[in-house]
Engineer: 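Have a look at this one.
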Amino acid sequence: MHIAVMPGDGIGPEVIEEALKVLRALEPAGLRLQTTFADVGGIAVDRHGDPLPPQTLELARASDAILFGAVGGPRYDTAPRAQRPEQGLLRLRKELGLFANLRPARIFPGLGAASALKPEVIDGLDILIIRELTGDIYFGQPRGIRTLPSGEREGYDTMRYSESEIRRIARVGFESARVRGRRLCSVDKANVLETTQLWREVVTETARDYPDVALTHMYVDNAAMQLVRDPRQFDVIVTGNMFGDILSDEASALTGSIGMLPSASLDSNHKGLYEPIHGSAPDIAGKGIANPLATILSAAMLLRFSLRAEAHAQRIERAVEHVLLAGLRTADLARGGETPVSTSAMGDAVVHALAAGA
Ligand code: IPM
Ligand code: MG
């Protein structure tokens, strides 16, 4: 199996290093991976003048899966849009057809206290957000900033979804709900936006093929509120690109730290890009204090979805639970009285737990 490794910017390289450590620790148990590194994001702009250089895209196409760190940094925020690190990620998603973004949000044992919500609201929380990733206002044309006849400037973007785009992500939602709690909540803004009125219609049609899954619909503003009011009412949420971007950050905060949450972005053929849902965190980059667990758990998702190595994936997840139960905390998770461990100490602890057969 061939994995393209794209550490990117900020804390990306630090957390990727720990995830690779953990993958290598599975070699004695029979895992065989070939890894090749490539530049993406700000570092690719610096080195090649392009956030997604042709050789990086080529490697991504030729690989079975991509392990991705994070992109972006304040240095690039004023660059022309095509030269911004985020374009490296957005273009990768689009070029590879990675339309299905799976973002699980669950409470890990022992971490309930790190959540801003009361334990009785979040105990046992386990939600899967499925975000459409290659359509919507993120990619819709036309878009731009133009000057009106009055001389005033106007910014505009276009929200669009075709029926086939909605149907294929709805199917991922139903299929995922089927192997979990059999409840799917489709989130839209059908009371205001035509695009999402069609979304609701197509999801409802698709439901006919999944009589064993209970489908509900919710407006996005209400969903944002329900996520903090009573998040355990949700099993699987399926939504568009922009609503999913926002709701998945919100859901991550429920679990205590955005530093815990992995993600998978899949095409229709099990190929995927796996990344922590947190960003490049330039404020803490290079300090060795970032939480590597979201990236380590992303590596577990890579094993599960692209390599079909479920047993290895579960071994990593158990090892992560083990180190958390043992009380290890990076700075983002540490509460009063707890001494935080470094990025590499957390990675080493997961490796030890794996070796000990946690
Ligand atoms: C995410 C990020 C990206 C997005 C950015 C970095 C382009 O926020 O993966 O959620 O908006 O999709
Ligand atoms: Mg986001």
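In each ligand, atom 1 is the first atom listed, and ligand 1 is the first ligand listed. Just so we're clear, the structure is a prediction, and the values are computed from it rather than from any experiment.
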Engineer: Which heavy atom of the protein is the closest neighbour of atom 4 (C) of ligand 1, given with residue, atom name and distance?
Structural biologist: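 Answer for atom 4 (C) of ligand 1: Tyr138 OH, 3.4 Å.
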Engineer: Less than 4.0 Å between a side-chain N and a carboxylate O, is that true for Glu163 and Arg167?
Structural biologist: yes
Engineer: Would Arg168 and Phe99 count as a cation-pi pair here, with the cationic atom under 6.0 angstrom from the ring centre and within 45° of the axis?
Structural biologist: yes
Engineer: Can you check which of Asn241, Leu89, Ile246, Asp245 brings a heavy atom nearest to atom 8 (O) of ligand 1?
Structural biologist: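 Answer by nearest heavy atom: Asp245.
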Engineer: Side chains of Gln83 and Gln87: is there a donor and an acceptor less than 3.5 Å apart?
Structural biologist: no
Engineer: Could you enumerate the protein N, O or S atoms under 2.8 Å from the Mg ion (ligand 2), written like residue then atom name?
Structural biologist: Asp245 OD1
Engineer: Assess the side chains of Tyr210 and Arg171: does a donor N or O sit below 3.5 Å from an acceptor N or O?
Structural biologist: yes
Engineer: In ligand 1, which numbered atoms sit nearer than 4.0 Å to a non-hydrogen atom of Arg103?
Structural biologist: 1 (C), 9 (O), 10 (O)
Engineer: Do Arg106's NZ or CZ and the ring of Phe108 fall within the cation-pi criteria of under 6.0 Å and 45°?
Structural biologist: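 Checked: cation-pi criterion met.
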Engineer: Could you tell me if Arg143 sits above the aromatic ring of Tyr156, with its cationic atom closer than 6.0 Å to the ring centre and no more than 45 degrees from the axis?
Structural biologist: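 No, Arg143 does not sit over the ring of Tyr156.
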Engineer: Scan side-chain atoms only and decide if Ser306 and Tyr274 contain a donor-acceptor pair under the 3.5 Å cut-off.
Structural biologist: yes
Engineer: Establish, from distance only, whether the side-chain atoms of Glu86 and Tyr76 form a donor-acceptor pair under 3.5 Å.
Structural biologist: no
Engineer: Backbone, side chain, both or neither: what part of Met242 comes under 4.0 angstrom of ligand 1, heavy atoms only?
Structural biologist: neither
Engineer: Please confirm whether Lys94 makes a cation-pi placement over Phe139, using NZ or CZ under 6.0 Å from the six-membered ring centre and within 45° of the ring normal.
Structural biologist: yes
Engineer: Which ligand 1 atoms does Arg131 reach within 4.0 Å, using its non-hydrogen atoms?
Structural biologist: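 That gives atoms 1 (C), 4 (C), 9 (O), 10 (O), 11 (O), 12 (O) of ligand 1.
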Engineer: Which of the atoms of ligand 1 are close to Glu86, meaning less than 4.0 Å from one of its heavy atoms?
Structural biologist: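 Close to Glu86: 6 (C), 7 (C).
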